[in-house]
Amino acid sequence: MKTKIEGPVRVRFPPSPTGFLHVGGARTAIYNELLRQSLGGSLVLRIEDTDRARSDQAMTEQILSALRWIGVTWDEGPTLQSAGVDRHRSVAWRLLAEGKAYHDFVAPEAVAAKRDEMQKAKQNFRYKDHFPPPSADEAKERMERGEPFAVRFVMGDEPIVVSDIVRGEVTFGDEMLDDLIILRSDGTPTYHLTVVCDDIEARISHVIRGEDHLSNTPKHIALYRALDEEPPVYGHLPLIMGPGKKRLSKRHGAASAEEFREQGLLPQALYNYLAFLGWSPGDEREIMSREELIGAFTAERLGSSAAVFDPEKLAWVNAQYMSGLPLATILEHLAPFLPEVGIDLSALDESVRARFEAGVDLHRTRAKNLIELASFAVPYVRDRLDYDADLCAKFLKQEALRGQLEQLIEQFGSLEAWTVESTEVAMRSVAEAAEVKAGVLIHPTRMALSCSKAGPSLFDLVAAMGQEASLRHLGHFVAFLRANA
RNA sequence: GGCGCGUUCGUCUAGGGGUCCAGGACGCCGGCCUCUCACGCCGGUAACACGGGUUCGAAUCCCGUACGCGCUACCA
């Protein structure tokens, strides 16, 4: 039975600052945001930094930055899980005092040995079947002797039913229900204790997380009950896989949001693509903005089977945004990639800047990403271009071409109106006078203006470049042909 | 080993007993457009994991098998 969700909701996204924001995590964040935005309520961001050794401030910043880049917004936090350690510990003491947890003096090695033994005998292993809790007196005595101990939570034997938004009711029988450590012998709380405590503390109503936590959920529910708290509504998302439904890793291309950012993808595209990995609006829309997704999102439509991450489809979605977003938005996202190709926007005067923007607008439909777009923009701002003799080999061999291009320069130079139409008329008349097909002039001209054999329709290119820059490049190109003939 | 989850074109998915000889999208192939390359447009390719049931009728419900993934930590 799927549970219908009603708002307002209090949801959370708790990344560990131990690395980059994985696409799976990014998608979890997106669904939580979509749920919160569509139903009202709050999304709280919590940094799970209890594993101090592997966490640091830079990593946390990295994750926040990736979240902001992709366009996920949150209402509360980021709060640090590490700030609640005393609270977590006192909850463990409380459970101990209420007899819902006990002191565990068994050495980890002894447990591991037993586990291995059972594993070899192909038997199910449960801690509580082999290591009975110490009596109160024994525990007291051993504590006084200074023996190290962990705190273990008592799991009942009653089956626990998880009512999951995406999977319906999932029952866990007693084979899986085992006493679990909530406080390590060094006094630090374990994950299961901390999530439950923090979700209670933040009054979380809905926990939407990865499927890897589904089997952990009965433990969490037991903890809620032991603390006399109502468990949240759960929803476990299928995992994002690599090719062949194997675990997704860097080997399959990018696996983190940061990498896509560096590759020059638009965040709108990643957001859109990720939202569709495991969810669909039910109609035939594929390209939906964050706002449209918020309007259409319902948790009931979340899928339950694992999806393979497909960089090719992401590339297509990206291309849709490259051509569909307002120019100003493209320009904004393009800015960080400009220094790489030697463009300093602040140093450009107004006319060059206008030329640059016209060029970006003209090339955006054929650039796969922002890196490519940036390089396409170079000829619009640079005074002189460097031509490649190999690429131009064909033009170098055409002796008549130089003279024809000079004719063209003359014609272009005398044009009063510089438009797609006027330049085309001028070029065709030069071609006609020289008794060659227009293509004979069009291709070298494209090369002269863009250093490339392929590109936009030539007259669009010429119009965007403007008269002055077009003539200048053409002049340089003829000189280049002469010098290398 | 135990337990849990999953399985529709290569990939993302629609579908939830008859309207499905299974629809859309990416990819791939072909065509149109054309000064090139893209975009766009048109067409094609290709799937209900397997086996049993239930039913007049199953992609849809039930059981089993296979495969994949997850959990089974003093990791999170």
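Hydrogens, waters and symmetry mates play no part in the numbers below; they use all other heavy atoms, side chains included. Labels below follow one simple rule: chain letters A, B, ... track the order of the sequence lines, proteins then strands, and each chain is numbered from 1.
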> In whole angstrom, give the distance that lies between atom CD of A:E286 and atom P of B:G24.
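These atoms are roughly 12 Å apart.
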
> With a 4.0 Å cut-off on heavy atoms, is A:K313 in touch with a base, just the backbone sugar-phosphate, or nothing at all?
base

> Could you check how far CG of A:D49 sits from C1' of B:C75, rounded to whole Å?
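The distance from CG of A:D49 to C1' of B:C75 comes to 15 Å, rounded to the nearest Å.
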
> Describe the nucleic acid contact of A:S452 in one word from base, sugar-phosphate, nothing, applying a heavy-atom distance below 4.0 Å.
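Touches nothing.
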
> Taking only side-chain N and O atoms of A:R115, does any of them lie within less than 4.0 angstrom of OP1 or OP2 on B:U72?
no

> Roughly how many Å apart are B:A76 and B:U72, using the P atom of each and rounding to a whole number?
11 Å

> Assess the side chains of A:R167 and A:H236: does a donor N or O sit below 3.5 Å from an acceptor N or O?
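No, no side-chain donor-acceptor pair sits under 3.5 Å.
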
> Mapping A:R184 and A:Y273 onto RNA chain B by nearest heavy atom, which one lands closer to the 5' end?
A:Y273

> Examine distances only and state if a side-chain atom of A:R364 and a backbone atom of A:L370 form a donor-acceptor pair shorter than 3.5 Å.
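Looks like no, no N/O pair under 3.5 Å.
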
> Can you build the contact string for nucleotides 60-71 of chain B? Use B for base contact, S for sugar-phosphate-only contact, and - for no protein heavy atom under 4.0 Å.
--------SSBB

> Should B:G1 form a Watson-Crick or G-U wobble pair with both distances under 3.5 Å, which nucleotide is its partner?
B:U72

> Who is the Watson-Crick or G-U wobble partner of B:A59, with both distances under 3.5 Å?
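By the stated definition (distances under 3.5 Å), nothing pairs with B:A59.
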
> Which value, in whole Å, describes the distance between the C1' atoms of nucleotides B:C20 and B:U13?
16 Å

> With sugar-phosphate meaning primed atoms plus P, OP1 and OP2, does A:V151 contact a base, only sugar-phosphate, or nothing at under 4.0 Å between heavy atoms?
nothing

> Write down the distance between CZ (A:F172) and P (B:G4), rounded to a whole number of angstrom.
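Interatomic distance, CZ of A:F172 to P of B:G4: 8 Å.
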
> Assess, by modelled atom type and distance only, whether the side chains of A:Y102 and A:D179 contain a donor and an acceptor separated by less than 3.5 Å.
yes

> If we call it a pair only when both distances are under 3.5 Å in a Watson-Crick or G-U wobble match, what pairs with B:G27?
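B:U45 is the nucleotide pairing with B:G27.
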
> Do A:Q467 side-chain atoms and A:L415 backbone N/O form a donor-acceptor pair below 3.5 Å?
yes

> Under 4.0 Å, counting only non-hydrogen atoms across every strand here, what does A:F309 touch: a base, just sugar-phosphate, or nothing?
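No contact.
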
> So what's B:U7 paired with, Watson-Crick or G-U wobble, going by both distances under 3.5 Å?
B:A66

> What integer number of Å spans the P atoms of B:G68 and B:C56?
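Comparing P positions in B:G68 and B:C56 gives a spacing of 38 Å.
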
> Between A:T188 and A:R184, do the side chains contain a donor N or O and an acceptor N or O under 3.5 Å apart?
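Result is yes, a qualifying pair exists.
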
> Can you classify the ring geometry of A:H220 versus A:H192 as parallel (below 30°), tilted (30 to 60°) or perpendicular (above 60°)?
tilted

> Can you tell me the distance, in whole Å, between the CG atom of A:L391 and the C1' atom of B:U36?
13 Å

> Rounded to whole angstrom units, what separation is found between the CG atom of A:L265 and the P atom of B:C26?
17 Å

> For A:R152 and A:G173, find the nucleotide of RNA chain B closest to each by heavy atoms; which residue's nucleotide sits nearer the 5' end?
A:G173

> Identify the nucleotide, in any strand shown, that forms a Watson-Crick or G-U wobble pair with B:U54, with both distances under 3.5 Å; if there is none, say none.
none

> I need the CD-C1' distance between A:E147 and B:C74, as an integer number of Å.
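A:E147 atom CD is separated from B:C74 atom C1' by 16 Å.
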
> Taking the same atom, C1', in B:A59 and in B:U7, what whole-Å distance lies between them?
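Between the two C1' atoms, the distance is 12 Å.
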
> Checking side-chain polar atoms at under 3.5 Å, does A:E372 have a donor or acceptor matched by the opposite partner on A:S375?
no

> A:I181 CD1 to B:A76 P: how many Å, rounded?
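Taking atom P of B:A76 as the reference, CD1 of A:I181 is at 11 Å.
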
> Heavy atoms under 4.0 Å, any strand shown: does A:Q119 hit a base, just sugar-phosphate, or nothing?
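Result for A:Q119 = base.
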
> For atom P, what is the distance between B:G44 and B:A25, given to the nearest Å?
12 Å

> What interatomic distance, in whole Å, is found between C1' of B:A38 and the corresponding atom of B:A14?
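My reading of the C1' atoms in B:A14 and B:A38 gives 30 Å.
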
> Between B:U11 and B:C74, how far apart are the P atoms? Round to whole Å, please.
38 Å

> Report the distance from atom CG of A:D198 to atom P of B:A76, rounded to the nearest whole Å.
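So the CG-P distance, A:D198 to B:A76, works out to 13 Å.
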
> Compare all side-chain heavy atoms of A:V85 with those of A:R89 and state whether any distance is below 4.5 angstrom.
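Sidechains of A:R89 and A:V85: in contact.
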
> Is the distance from OP1 or OP2 of B:C12 to the nearest side-chain N or O of A:R285 less than 4.0 Å?
no

> Where the side chain of A:S304 is defined as all heavy atoms beyond and including C-beta, which of B:G6, B:C75, B:G1 is the nearest nucleotide?
B:G6

> Strictly by Watson-Crick or wobble contacts shorter than 3.5 Å, is anything paired with B:U34, and which nucleotide is it?
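When the pairing criteria are applied, nothing turns out to pair with B:U34, so the answer is none.
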
> Considering Watson-Crick and G-U wobble pairs with both distances under 3.5 Å, what does B:U19 pair with?
none

> Heavy atoms under 4.0 Å, any strand shown: does A:H236 hit a base, just sugar-phosphate, or nothing?
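Here A:H236 touches no strand at all.
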
> Is there a donor in the side chain of A:R209 and an acceptor in the side chain of A:T217, or the other way round, less than 3.5 Å apart?
yes

> Mind checking A:P238 for me? I need base, sugar-phosphate or nothing, with any heavy atom below 4.0 Å counting as a touch.
nothing

> If we take the C1' atom in both B:A46 and B:C9, what is their distance in whole Å?
5 Å

> Using a 4.0 Å heavy-atom cut-off to protein, can you give one letter per nucleotide of nucleotides 37-42 of chain B, 5' to 3': B if the base is in contact, S if only the sugar-phosphate is, - if neither?
BB-S--

> Would you tabulate the pairs of protein nitrogen or oxygen atoms and nucleotide nitrogen or oxygen atoms of nucleotides 13-15 of chain B closer than 3.5 angstrom?
from	atom 1	to	atom 2	distance (Å)
B:U13	OP1	A:G278	N	2.6
B:G15	OP1	A:R301	NH1	3.1
B:G15	OP1	A:R301	NH2	3.4

> For A:Y321 and A:H333, I'd like to know if the aromatic rings sit close, meaning centre-to-centre distance below 6.0 Å.
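Ring centroids of A:Y321 and A:H333 are no less than 6.0 Å from each other.
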
> Does A:Y31 have its ring centroid less than 6.0 Å away from the ring centroid of A:W279?
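No, the ring of A:Y31 stays outside the 6.0 Å limit from the ring of A:W279, centre to centre.
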
> Between A:D199 and A:R46, is any pair of side-chain heavy atoms under 4.5 Å apart?
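Sidechains of A:R46 and A:D199: in contact.
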
> Using the six-membered ring wherever Trp is involved, compare the ring planes of A:F412 and A:W418 and label them parallel, tilted or perpendicular (cut-offs 30° and 60°).
perpendicular

> Is it true that the side chains of A:D310 and A:Y273 contain a donor and an acceptor less than 3.5 Å apart?
no

> For the residue pair A:Y387 and A:F477, categorise the inter-ring angle as parallel (less than 30°), tilted (30 to 60°) or perpendicular (more than 60°).
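Answer is perpendicular, since the angle exceeds 60°.
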
